[in-house]
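As structure tokens, the structure follows; a few thoughts come after it.
Below, read A as the first sequence line, B as the second, and so on, with proteins coming before strands; counting in each chain starts at 1.
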Amino acid sequence: MRRQRCFPLPGGEGLRVRGTGANEYEGFPLSNSGLTDAPCPAFTHWKHRGTTYKQPPCAGFCAGQNIEFPSLPGGNHSRYLMRVMRQRRKIAVMAGNLLEWFPVHARSLPWRRTRDPYAIWVSEIMLQQTQVKTATPYWKRWMRELPTVAALAAAPEQRVLKLWQGLGYYTRARNLRRAAQLVVARHGGIIPDRLDDLLALPGVGRYTAGAVASIAFNQPAAILDGNVTRVLARLFGITRSPREAAVNRRLWELAAAMVGAAAESKAPRACSRLNQALMELGALVCLPRQPKCDSCPLRQPCAARRKGLVGEIPAARLRPSAERRYHEVFVLENNGRFLMRQNPDAGVNRRLWQFPGYESQAAHRPTPADLLGRLGIVAARLEPLKTVRHQIMRYAIETRAHRAEFQRQEHSWAKPGRWVSLKELAALPLPSAHQKIAQMLTGGAQSETPSGASRLRRRRPGRAAPIPPPPSGSGSCPSPAPRRRVRGVPGG
DNA sequence: TTCCGGTACG
DNA sequence: CGTACCGGAA
């Protein structure tokens, strides 16, 4: 029995099937049904290093390398190889199209105008779960304030969180800072270019490591994010859910094949460009809803388009409907200062600051008695201030802020907090809902997104003035602060 | 109101 | 491998 090599894919020297020419199988019905990881139909066993296995290691294309197997010239196995070959050729064409498309159509984004791995890394972390439009002003401010790994490593956590405020997923910011410290300690402040070293950094997973390796260092590392998943699933007509482990594996293979094909091209910085092109196509053309297939550079080979499945791919995830939650929070004023509390080290929004409050089962109008019972605080003139709605995971949270005049703290069990001036308040990192409430106090016009906040720069949060009116249980009642009109409070 | 999404962690 | 984390856009 003759033996034949299963050539490495992607990349490699090209497939040669003995006794067959490239055109012999033109017209062979390609499996475009998406997951092509069905084993080669031609054989039921294969040999690798002396061991015989029942099935080929091939997932999709012959992914296994240097594996010998019995050849069946002209038979099913050759057909299989032909399919593999055509798939590869198709991928090379698609990669070429993308490489040409990108420089013409890509948005000019600030992190694309640099090759500084730190700048690119920061952008990739920010762009996790966050859209370009949102992240851009944050990135600019961040690079201004913390322009190097060393600067980030040396920055106090509270300052880093403040710079992140509004982006959500605050663990990203904490991890970014820790990772910078590790880069300083382990790599002398130089961002490593090896995938393994990148993966060892907190907050850097498979996607981000690949993104930094390819975009900053032009290595043929695969990336698969939401955009790329959608593009590849449609391109290859993958109808099964990308969340299935096997499908996800397949998508990573395809992503690797794409960047591998780019690596063989002559285009400058091809790997960097290809990966960015895949994401850019997903962001500009291959949109989740209403994709712009007419202007897609890959409309020709796109399997989903040919089959009219663009709307069905990628398979949607079913989510349980959101459960309603209510947070009652209190803007307690005392002599121009407001009571704020810092979250503990565990749980939601850890180490961010919030107005004191509690969770309630249903929306209701809290009474002074509620306030005393829940927070141990006696207050006067309770009135609704603002309601903020947002959705987190399966919870639709309604945060209802109430304004009240602090009188005294009754219970020693009550959690302490810090009384802060408006200026100090503006420097604390707050979750978005609370930031929106704080904006009612500091004046609606001033936004705490990077675009608007000028007067807050240079502040070092967390170093606020000595803690004012200690809520002592003594019962001594601070003289009521003169009532200040606060903008945004409905008259009456 | 619904949908979208990388990484860490258990 | 399922779940928690967040905010924004359609």
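- Residue contacts for A:Pro288: at a heavy-atom cut-off of 4.0 Å it reaches no nucleic acid atom on any strand shown.
- Applying the 3.5 Å distance criterion, the base of B:dG5 shares a donor-acceptor pair with the side chain of A:Tyr169.
- With C:dC1, C:dC6, C:dG7 as the choices, the nucleotide that has an atom nearest any side-chain atom of A:Ala245 turns out to be C:dC1.
- The base of B:dG5 lies outside donor-acceptor range of the side chain of A:Gln128, with no N or O pair under 3.5 Å.
- The two residues A:Arg234 and A:Cys286 have their closest heavy-atom pair at NH1-SG, 3.2 Å.
- Counting any heavy atom pair closer than 4.0 Å across all strands shown, A:Leu167 reaches sugar-phosphate atoms only and no base atom.
- Taking atom CG of A:Leu176 as the reference point, atom P of C:dC6 lies 15 Å away to the nearest angstrom.
- Between the side chain of A:Tyr138 and the backbone N or O of A:Gln165 there is at least one donor-acceptor pair closer than 3.5 Å.
- If you measure from atom OH of A:Tyr170 to atom P of C:dA4, you get 19 Å, rounded to the nearest angstrom.
- Picking from B:dT7, B:dG5, C:dA10 the nucleotide with the shortest atom distance to the side chain of A:Tyr207 gives B:dT7.
- Taking atom CG of A:Asn349 as the reference point, atom C1' of C:dC5 lies 9 Å away to the nearest angstrom.
- Taking the six-membered ring for Trp, A:Phe406 and A:Trp419 have ring centres closer than 6.0 Å.
- Rounded to the nearest Å, the gap between the P atom of B:dC3 and that of C:dC6 is 22 Å.
- Within the nucleic acid shown, A:Arg172 has no heavy atom closer than 4.0 Å to any nucleic acid atom.
- Using cut-offs of 30° and 60° on the angle between ring planes, the pair A:His434 and A:Phe355 is parallel.
- Dashed line: the shortest gap from a side-chain N or O of A:Asn175 to OP1 or OP2 of B:dT7 is not under 4.0 Å.
- Protein atom CD1 of A:Ile397 is 10 Å distant from nucleotide atom P of C:dG7, rounded to whole Å.
- Comparing C:dG7, C:dG8, B:dG6 by their nearest atom to the side chain of A:Gln129 picks out B:dG6.
- Within a 6.0 Å radius of CD in A:Gln300, other residues, nucleotides and ligands contribute 12 heavy atoms or fewer.
- Atom pair A:Arg174:CZ and B:dG6:C1' shows a separation of 16 Å (rounding to whole Å applied).
- The separation between A:Leu224 atom CG and B:dG6 atom C1' is 11 Å, rounded to whole Å.
- Rounded to whole angstrom, the span from the CG atom of A:Leu127 across to the P atom of C:dG7 amounts to 17 Å.
- With sequence neighbours excluded, no residue forms a ring pair (Phe, Tyr, Trp, His ring centres under 6.0 Å) with A:His187.
- Rounding to whole angstrom units, CH2 of residue A:Trp252 and C1' of B:dG6 are separated by 10 Å.
- Contact annotation: A:Thr208 side-chain N/O to B:dT7 OP1/OP2 distance is under 4.0 Å.
- Phosphate contact (OP1/OP2 of C:dG7, side-chain N/O of A:Ser432, threshold under 4.0 Å): present.
- When each of A:Arg289 and A:Gly166 is assigned the nucleotide of DNA chain C bearing its nearest heavy atom, the one mapping closer to the 5' terminus is A:Gly166.
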